[in-house]
There are 2 protein chains.
Amino acid sequence: MLTKSSTELVRQQNSALVLAALRRARNLSHTEISAATGLASATVSAITAELERAGVIAKAEQQVQGGRGRPRVLFTPRRDCGYVIVVRISSDVVQYSLTDYGGTLLDRFEESRNHDQRGTSAFAQIFVDALERLLQRSRLTRDRVLAVSISSKGLVDVDNDAARLLWSPVFGSEQLDFAALLAPEWRAKVMLNNETLLVAQALAAEAERAPEAGFRSLAAISLGHSIGLGVARKGRFGEIDVTAPNFGHMLHAPSAGLCRCGAYGCIEAAAGFYGILRAAFEVPPDTIPAKFVPIAEMDKIAASARQGHRMAGYAFRQAGLALGNGISRMLSLYERMPIYVTGPGTRYFDLLQGGLMEGVSQSLQLRLQGPPEISVVLDEQRLVFDGHLERALGVIDSEIATA
Amino acid sequence: MLTKSSTELVRQQNSALVLAALRRARNLSHTEISAATGLASATVSAITAELERAGVIAKAEQQVQGGRGRPRVLFTPRRDCGYVIVVRISSDVVQYSLTDYGGTLLDRFEESRNHDQRGTSAFAQIFVDALERLLQRSRLTRDRVLAVSISSKGLVDVDNDAARLLWSPVFGSEQLDFAALLAPEWRAKVMLNNETLLVAQALAAEAERAPEAGFRSLAAISLGHSIGLGVARKGRFGEIDVTAPNFGHMLHAPSAGLCRCGAYGCIEAAAGFYGILRAAFEVPPDTIPAKFVPIAEMDKIAASARQGHRMAGYAFRQAGLALGNGISRMLSLYERMPIYVTGPGTRYFDLLQGGLMEGVSQSLQLRLQGPPEISVVLDEQRLVFDGHLERALGVIDSEIATA
DNA sequence: GGATTATTTCTCGACAGTCGAGAAAATCAG
DNA sequence: CTGATTTTCTCGACTGTCGAGAAATAATCC
């Protein structure tokens, strides 16, 4: 069932367009906005006047000099128009950041997760307190925060309005509903996303900004204790569509052994750190996986693999194979697209590559279209943060345009 | 990059809305259109007047009688406004159908595909000739045909404007570009879709029509000599989005043996008719697959499986397992959705079911959300045809609205 | 220094579209 | 024939976009 359209929707769409252009370029003049959006000059006047009246954009202090005619006046988003809180939950630490509406970082602190006291209710309290602390440190009130963007590894409720964590390596299948946690007191929109989804979002935004590269789709794979996948595709209306399929716990092969999710044969059970560890030490594959593998331990296995140790090399090869087969299956179901590999596991990419290429090359589609481009991207943390901002600010912009 | 909006686009969208409503209900009065679309009465007047002037809709002859006040005048799409040609290519026969703009069948004939003379150029000639014949029999000119909708099993170019068959069981990897074939002489829009995609389209349209069932997504799987998958999902703007992932040639397990696509371990190599045959007769799995398996042959294997013959039962079980694992992987990458099984292979569903359920139940997601609903749908041929019409008429409608 | 030129922003009227309200049309009941 | 009822049609108000040209303003030319 399609939905009806109206002139107000037109204005919303075009306002959003102006905001998006302004966000990309930081500040633009009247004529530049017109050129970037394709809107007529008169329309730009109307929209900027409205946004200025609403306090969302302002004429920039510093005006550009030099041209011949009437000097251009630059519009820019008002930084103090609202604030965004970004929360990154990882297995050992939780990072809280505050940015303004322009996306510049104002404050940040981390709290290490105590490994003993698991349990969601304890964490919920810590979480809410940390947000309050963030406000106090910057002397802000709750209603100035327009969005709280949270990320974790794991499975997230796809329903757009919910912010429920369905399964995560940190909390297991104890569900956690962040929207409910902040429900009455906070007006902010609460969003929860898979970490690797945000990486894909950031990479896609970057690709879109690049000169006419003609971005269509891409996938981000994060290697570490667990395996994450984010897929970004350009939708029919030019918008970037991002999903976080359940790649790490997709079935690879029963031989991969017991996964910490409780199933047998997940990709993660072969390619996650604990899977590699288990294979390298020839632990029976139905052993309950290690809760946590120090990176030093992994480095040791990698070193011995590089020195020619047979089982260590085999473990990485099997991990690569699981990833390669998974990628092959993923591409069968979507389409050919470039793959970006991130996460702590990239430091072993030399050891994984052989198995990975072998695993990828076993399908009709890849024979027809050639193997996908696979590249390693290093700064996962920055990408996750960029993805947070990209999403949160985008949502805020579209809410402003809708109002 | 989003795209700008304008008042003309609003009219396009709303015209399309009116056409869609009219197509669903055959004929509707002014007030009914208003209720169905949510548009104001005055707007409906403007749009219907325009469409009537363009010759796309007309006031129906037969008016409904009985009420008290002014009698309602029913609008209905004009059948003679244009025509659609539907071509279904299957391995043994090609079916050509002609329908009017209302979707009623006017003419149909079949031509059996000669199994010896493969080769696309010969087929191209036959194809073009058949289309001409269809026109002559109904005394139509080429320019009265607004769409030619073609279906085949296999891989289709995803690019929306192209109509290129990339790989098919019928022509192998000899590509065939139908749009180019009809390029200068025909004004009709040429579309080519995977057969199972059309099944999914038809099922989704049906689900959408049904009372508030809240359709979100579904998958159709076709079992036969080859294995097809169509996935239909409701997009962000209420439109139905359909894709035909390359499911049959997704990697299952190396043990599945040689597939006729040339790769090893495809789902089809285990679950396609020739795969089942091969396993039942204990032919080595790297044997080059049979080009064609008569259904009688399959029936014999099924009969002996039902009588307890070990290898025959095993073959079907392995086929079910391959399908189940594939479904599990597919659902990992998309989301939980109901599965509809069609095609000639459904007559062996009792034999496949055990393996299928076992194969499906091996994943985290399915343990969290429960197994998907799987149901058998019998009349695949009708669904394919319905899907053709659904798509072709939809495209025509949106082109009319755009004009 | 004053006129000219180039450039940007702003404003006005035309045009397209939707909407609500009420007039007009057409039928039925009494 | 009259009034009630229901549906369709029309009119004016409102919102939005667009093109053209007026207004603003700084650099340049003489």
Side-chain angles (χ1 to χ4, degrees), chain A residues 2-18 21-22 25 27-54 57-60 62-76 401-403, chain B residues 2-19 21-22 27-54 57-60 62-76 401-403:
Chain A
L2 292 168
T3 162
K4 76 168 178 175
S5 193
S6 65
T7 49
E8 289 101 78
L9 283 182
V10 171
R11 169 53 67 88
Q12 281 178 28
Q13 166 92 4
N14 289 341
S15 298
L17 207 59
V18 169
L22 230 36
N27 45 19
L28 289 175
S29 73
H30 183 105
T31 32
E32 286 167 331
I33 294 175
S34 171
T37 59
L39 293 168
S41 161
T43 310
V44 175
S45 283
I47 291 176
T48 51
E50 194 175 71
L51 291 175
E52 196 176 2
R53 196 151 23 79
I57 65 174
K59 289 174 175 137
Q62 155 263 11
Q63 296 293 0
V64 72
Q65 296 297 342
R68 196 114 127 82
R70 178 171 175 171
R72 27 179 78 178
V73 347
L74 299 181
F75 287 101
T76 190
T402 309
Chain B
L2 292 168
T3 162
K4 76 167 177 176
S5 191
S6 66
T7 49
E8 288 100 80
L9 283 182
V10 170
R11 168 54 67 88
Q12 282 178 27
Q13 165 92 5
N14 289 341
S15 297
L17 207 60
V18 170
L19 279 178
L22 230 35
N27 45 18
L28 289 175
S29 72
H30 183 106
T31 32
E32 286 167 331
I33 294 175
S34 172
T37 59
L39 293 168
S41 161
T43 310
V44 174
S45 284
I47 290 176
T48 50
E50 193 176 69
L51 291 175
E52 196 175 0
R53 198 153 20 81
I57 64 174
K59 291 175 174 135
Q62 155 263 12
Q63 296 293 359
V64 74
Q65 297 296 342
R68 196 119 128 88
R70 177 171 174 170
R72 24 178 80 180
V73 350
L74 299 181
F75 286 100
T76 191
T402 311

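We name chains A, B, ... by the order of the sequence lines, and we start the count at 1 in each one. Quantities reported herein were computed from a predicted structural model and do not represent experimental measurements.
Here the C1' atom of nucleotide C:dT8 and the CZ atom of A:Phe75 are 12 Å apart, to the nearest Å. Between the P atom of C:dT8 and the CD1 atom of A:Ile33 lies a distance of 13 Å, rounded to the nearest Å.
Note that CG of A:Leu28 and CZ of A:Arg72 are 9.5 Å apart. Values are rounded to the nearest 0.5 Å. Put simply, CG on B:Leu39 and OG on B:Ser45 are 11.0 Å apart, with the number rounded to the nearest 0.5 Å. For the atom pair CG (B:Leu51) and CD1 (B:Ile57), the distance works out to 4.5 Å, reported to the nearest 0.5 Å. Atom CD1 of B:Ile33 sits about 12.0 Å away from atom OG1 of B:Thr43, to the nearest 0.5 Å. If you take CD on B:Glu52 and CD1 on B:Ile47, they are separated by 13.5 Å, rounding to the nearest 0.5 Å.
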Are any protein N/O atoms closer than 3.5 Å to N/O atoms in nucleotides 1-5 of chain C? If there are, list each pair with its distance.
none

Short N/O separations, protein against nucleotides 14-17 of chain C, under 3.5 angstrom:
none

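Taking for each of A:Ser5 and A:Thr31 the nucleotide of DNA chain C with the nearest heavy atom, the 5'-most of the two is the partner of A:Thr31. Comparing A:Gly69 and A:Gly38 by the nucleotide of DNA chain D that holds the closest heavy atom to each, the one mapping nearer the 5' end is A:Gly38. Positionally, the nearest nucleotide of DNA chain C for A:His30 lies more toward the 5' end than for the other of A:Ser6 and A:His30.
At a threshold of 4.0 angstrom between heavy atoms, the contacts of B:Ser41 include nucleobase atoms, whether or not backbone atoms are also involved.
Partners of B:Glu50 under the salt bridge (charged side-chain N to carboxylate O under 4.0 Å, His left out) rule, at least two apart in sequence or in another chain, are B:Arg11.
Using a 4.5 Å cut-off on side-chain heavy atoms (C-beta onward), A:Val18 and A:Val44 make no contact.
You can see that DNA chain D meets the heavy atoms of chain A within a 4.0 Å-exclusive cut from D:dT15 to D:dT28, reading 5' to 3'.
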Given Watson-Crick or G-U pairs with both distances under 3.5 Å, what dot-bracket string fits DNA chain C, with | for other-strand pairs and [ ] for crossing? ||||||||||||||||||||||||||||||
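For the pair B:Ser34 and B:Ala40, the tightest heavy-atom approach, listed with the atom from each and the gap, is OG-C, 4.2 Å. For the residue pair A:Gln13 and B:Ser5, the shortest heavy atom distance occurs at CG-CB, 3.5 Å. Between B:Ala21 and B:Thr37, the closest heavy-atom pair is CB-CG2, 4.2 Å. In this structure, A:Phe75 and A:Leu22 approach most closely via the heavy-atom pair O-CD1, 3.9 Å.
Sorted pairs that involve residues 33-46 of chain A and meet salt bridge (Lys or Arg N to Asp or Glu O under 4.0 Å), not counting sequence neighbours, are lacking altogether.
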